[in-house]
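What follows is a single structure, written as C-alpha cells, with notes after it.
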Amino acid sequence: MQLSHPEGNVNSTVIRGGSTSTQSSNPTKDILAGTKSSIQTTLIYWSDAFQQLQERIVNILPFNRKRKTGQEIDLTKIPIQDVQAPTSNLLPDVVVKRAAQRSGMLGSVMTADRVNECARQLKQWYLQRGYVLHSVTGATLHAENGTATLAVQEPILSSTPMDIRFAKEVPIDPDTGETTTRKKYREKLERIKGRPLRSEEWIAVVDQLNTTLIESKGRTSASTLSKRLGLKAGHHFCWDGDRWQSIARSGIFTKIWRTSPVQMGDGNVQLQVLCQESPPRNLEYGISKSLYTGNWEGELDFKHGNFFGGGESLGLIVRRGARDPEPSVTLRYSDDKFGMQGGYDAEVFSEYIAVGDPSKYVSAKSSTTMPESTQSTNEHQLDAQAVAEVEDISPSPLSNIPVVEENDSLLCRQGFKFSLRGPIPSNIISRSSASTAIERTSTRKGIHESIGSATLNLGPFVRDLPLGAKSSIATSTTSGVRLGGKRLLPFSSGSVTSRQLFPLFTNIAVTSNRQIKLALQHSVMSATSHLPRHEANAAGFAARVRGISGSSVGPIDLSVVGSAEIRVPVTIPIQKDKIVQDGSVVLFGDWMFAHRQTDSSQTGFSMENTFGKSSIGIGLRKSVQGIPLKYDLSLTRDGKVGAFVSLGSDWEIY
C-alpha cells in the first residue's frame with residue numbers, strides 16, 4: 001500500500017555624508033523582500049517537482065493488494081508494527097518512531113491522515129535544522145512484517161553549490177523601446193521641454209518608466225559566500241536564514257531579485273542568486289569627536305568595499321580638529337565575515353592626542369636648536385627650567401620613569417591594532433570582541449614610551465522587561481604594560497555600563513519610539529596607577545556631565561557616572577506631512593564622582609584627589625537635513641548656567 005504526501009499541505013556617534021548612494025530608497029527592504037519572495041517561490045517550485053516525482057514513484061511500487069498462496073491480502077486491515085525511513089541519511093530512527101507514535105501510525109492501519117501527520121512532524125524536524133527542501137513524499141506498507149517504509153526527498157548540493165549572476169536595472173525609453181539611463185532620459189526630456197525639470201516632475205516621470213535587467217559584472221565570489229552560508233558540495237542543502245540576512249544587510253548588494261535553489265541536470269541542487277552589486281569605492285565625509293582630546297574633528301573616510309570579493313574592505317580615514325597642527329590618519333583592513341563569528345579588523349594608526357591649546361607649546365627639537373636671542377623674543381618660549389629638562393635627556397632616575405610630567409604634554413600615538421569579533425563562541429557569550437595593540441606615544445619634549453595592551457569586551461547583553469522596557473549591560477577589561485627608559489610598568493583597567501529604558505504613562509507594551517521614556521545610564525570605571533596618560537584623559541572625557549567642559553575633568557583612574565533623562569517626543573504642528581517628526585524635549589540630570597590620576601610617586605587612592613560634579617537641565621533634539629542636533633541648557637552644582645550645542649542621537653537599546 002502506498003500513500004503519497006502532498007508537500008503543499010506543509011507550511012513553511014558619527015555624522016556622515018558622501019558619495020554612497022543606491023537606486024532604491026530602502027535597499028535593505030528591497031533585498032529582504034526579494035529574498036523572502038524567492039524562498040517562498042522556491043518552496044512552491046520544489047513542492048510541485050517532488051509531487052511529480054512521487055507520482056512516478058507510486059506507479060512502480062507494489063499494488064495495494066498482494067497475491068499470496070492464491071489469495072489476496074487486504075493491506076488496509078494490517079496494523080503497522082514498525083515505521084522506518086531506510087533511504088534517509090538524516091532522519092534518526094528515534095525521530096521517525098516518535099513521529100509515527102504521535103501521528104498514530106504505530107499499532108493502527110495505514111491511512112492518509114496518519115501518514116500526512118507523520119510527514120508533517122518530520123517536515124518540522126527538517127525545517128528546524130534548515131533542511132527547507134527535504135520532506136517525506138510517501139509511505140509503503142509491507143505485509144510480510146507489518147513495516148511501513150517512508151519515502152523521503154533529501155536534495156544534495158552540486159559540485160558548484162552557489163552561482164551568482166549580476167545584473168543592473170535600467171529604464172526603457174518609451175519612445176524608442178531601447179534601454180537608456182536616467183541621466184540621458186532626463187536630458188532628453190529637458191531638451192524637448194526647453195527647461196530643467198522640477199524635482200516633483202522628474203519623480204513622477206521615473207514612477208512611470210518601465211525597467212529591465214541587463215547583465216553586468218561583479219566582484220563578489222560565489223565560493224566565499226557559499227562557505228559563509230555553510231553550503232558544501234555533496235552535502236545536503238541546508239538553509240541558514242540568519243546567515244543570509246547578514247549577507248543581504250552587509251551592503252555588498254544594492255538589490256537582490258531572486259535567491260532560489262535550482263535542480264541541475266544531475267538531480268542535485270545549486271543555489272542561484274540574481275542581484276545588483278553595490279559600487280565598491282565610496283568617499284564619505286563627516287565630523288566626529290576625538291576620544292583622546294575631546295575636540296570635534298572633520299573626517300574623510302575613503303573605503304574600497306568588497307576588496308577580494310568576500311565583503312572585505314580597505315579604508316583610509318583622515319581626521320583633523322580645527323586647532324590641531326597635524327591630522328590623525330588610520331589605514332584599516334576589515335573582514336567582518338558578514339557579521340558572523342571570526343570577523344576581524346587590522347589597522348595602522350597615527351593619532352594626534354595633545355590636550356589643550358597647541359600654540360602654548362614648543363617642540364623639544366625646535367627649542368634646543370634655536371639661538372638664545374631667538375628664544376628670548378619668542379612669545380611662546382619655554383621657561384628656563386623646562387629648557388634645562390629638555391636638554392638633559394641622559395638616563396637618570398627621573399627620566400627613566402615613563403610617566404608624562406605635569407609640565408609636559410602628550411603629542412601623538414602611533415601603532416598597530418588587531419581586533420577580533422566573537423572570540424568567545426556565541427553559545428557561551430552572545431556578544432564579545434577582543435583586541436590587542438602595540439603603540440608608541442611621544443610628548444612635546446621628545447619623551448617616548450612603548451605600550452602593549454589587550455582588551456576584552458563583553459556585551460551589550462540586552463534584556464526585555466515588562467511593559468516594553470529594556471535593559472542592557474556591557475563590560476570591558478584591559479591589561480597591558482608600559483616600557484620607557486629601563487622600567488616595565490604593568491597596568492589594567494575595567495569598566496561596566498548599564499542602561500535602562502522605561503516607557504511611562506502606559507499599561508501595555510509600547511514599541512513605538514514616539515513614547516515618553518525614562519532613560520537611565522550608570523557606569524563604573526577603575527584602573528591601576530600606571531594607566532597611560534592618554535587613556536586616563538579618555539576616561540576623563542568619557543565621565544561626561546552636561547554643562548561642564550570635559551577638559552576640566554582631566555586624567556582620572558576611577559569614576560562613577562550616572563544620568564537620568566525623561567524623553568518627551570514633540571510634534572511640530574507646521575507642515576506635518578513634510579517635516580520628519582523626530583523632535584523631542586529632554587529633561588536630564590547628570591552626576592559623577594572621580595579620582596584624579598597622579599604621577600608614579602603617589603600610588604593608591606587618596607581622598608585629596610577625589611572630586612564630584614553634577615548638573616540638571618533641559619534639552620531639545622531635532623534632526624535637520626538628516627543631521628541630529630542637540631541643544632542643552634544646564635545648571636551646575638556651583639550655580640553656573642550654560643548652553644551647549646552638539647551633534648548626535650541619544651543612545652538607544654536594540
Side-chain angles (χ1 to χ4, degrees), residues 1-12 36-66 72-156 236-239 241 260-263 267-269:
M1 179 178 183
Q2 312 86 34
L3 292 174
S4 63
H5 172 64
E7 188 64 12
N9 295 343
V10 182
N11 296 325
S12 56
K36 182 178 179 181
S37 175
S38 298
I39 292 300
Q40 291 175 345
T41 304
T42 297
L43 293 176
I44 295 173
Y45 167 78
W46 281 98
S47 171
D48 296 341
F50 293 157
Q51 182 61 29
Q52 295 172 4
L53 178 62
Q54 175 59 20
E55 291 173 356
R56 293 195 294 270
I57 293 176
V58 169
N59 291 334
I60 64 174
L61 289 176
F63 292 101
N64 289 350
R65 298 178 181 275
K66 182 176 181 181
E72 288 187 351
I73 300 175
D74 190 354
L75 298 182
T76 61
K77 296 182 179 180
I78 297 178
I80 299 174
Q81 304 298 324
D82 190 18
V83 178
Q84 300 176 357
T87 59
S88 173
N89 296 322
L90 295 173
L91 291 172
D93 291 338
V94 63
V95 173
V96 175
K97 287 179 171 56
R98 186 184 302 119
Q101 290 174 347
R102 292 178 176 177
S103 63
M105 286 184 65
L106 284 177
S108 304
V109 298
M110 180 178 288
T111 64
D113 291 341
R114 294 189 180 107
V115 172
N116 284 338
E117 177 60 22
C118 181
R120 187 191 67 80
Q121 294 191 24
L122 293 178
K123 179 65 176 182
Q124 195 67 26
W125 185 91
Y126 280 131
L127 290 175
Q128 289 174 352
R129 287 153 183 80
Y131 301 108
V132 296
L133 302 183
H134 294 42
S135 62
V136 175
T137 57
T140 301
L141 177 61
H142 303 276
E144 58 272 14
N145 55 12
T147 299
T149 59
L150 302 178
V152 298
Q153 186 69 38
E154 297 179 344
I156 302 296
H236 290 271
F237 180 87
C238 185
W239 179 255
S260 59
V262 177
Q263 190 176 25
N268 292 334
V269 175

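One-based numbering along the sequence shown.
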*K123 side chain vs V132 backbone, donor-acceptor pair below 3.5 Å*: yes
_With salt bridge (charged side-chain N to carboxylate O under 4.0 Å, His left out) as the rule and sequence neighbours excluded, what pairs involving residues 134-143 come up?_
none
*Quick one: salt bridge (charged side-chain N to carboxylate O under 4.0 Å, His left out) pairs with a partner in residues 124-138, sequence neighbours left out?*
none
*Would you say the side chain of L150 lies within less than 4.5 Å of the side chain of Q84, judging by non-hydrogen atoms?*
no
*Output yes when a side-chain donor or acceptor of S135 lies under 3.5 Å from a complementary backbone atom of T137, and no otherwise.*
no
*If we only count heavy atoms from C-beta on, is the L133 to H236 side-chain gap below 4.5 Å?*
no
*Using a strict cut-off of less than 4.0 Å between a Lys/Arg side-chain nitrogen and an Asp/Glu carboxylate oxygen, indicate whether R120 and E117 qualify as a salt bridge.*
yes
*asked:* Looking at every heavy atom in both L91 and V96, which two are closest together, and how far apart are they?
replied: CB-CG2, 3.9 Å
*Taking T87 for its side chain and A151 for its backbone only, find out whether a donor-acceptor pair lies under 3.5 Å.*
no
*Could you give the distance from NE2 (H142) to CD1 (I80), rounded to the nearest 0.5 Å?*
11.0 Å
*Sequence neighbours left out, what passes side-chain hydrogen bond (donor to acceptor under 3.5 Å, both in side chains) with T147? Give chain and number order.*
N145
_Nearest atoms (heavy-atom pairs only) where P261 meets V269_ = CB-CG1, 3.4 Å
*For the residue pair I78 and L141, what are the closest heavy atoms and their distance?*
O-CD2, 4.0 Å
*Spacing of S103 atom OG and L122 atom CG [to the nearest 0.5 Å]*: 8.0 Å
_Considering all heavy atoms, the nearest Y131-F237 contact_ = CD2-O, 3.4 Å
_Residue pairs fulfilling salt bridge (charged side-chain N to carboxylate O under 4.0 Å, His left out) with at least one residue in residues 92-104, sequence neighbours excluded_ = D82-K97
*Looking at M110, Q101, M105, which hits side chain to side chain contact (heavy atoms under 4.5 Å, CB included) with V83?*
M105
*Tell me the ring-ring contact (aromatic ring centres under 6.0 Å, His included) pairs involving residues 95-127, sequence neighbours left out?*
Y126-H134
*Looking only at non-hydrogen atoms, find the nearest pair between P79 and G107 and report the distance.*
CB-O, 4.0 Å
*Under the side-chain hydrogen bond (donor to acceptor under 3.5 Å, both in side chains) test, which residues partner N89, sequence neighbours left out?*
none
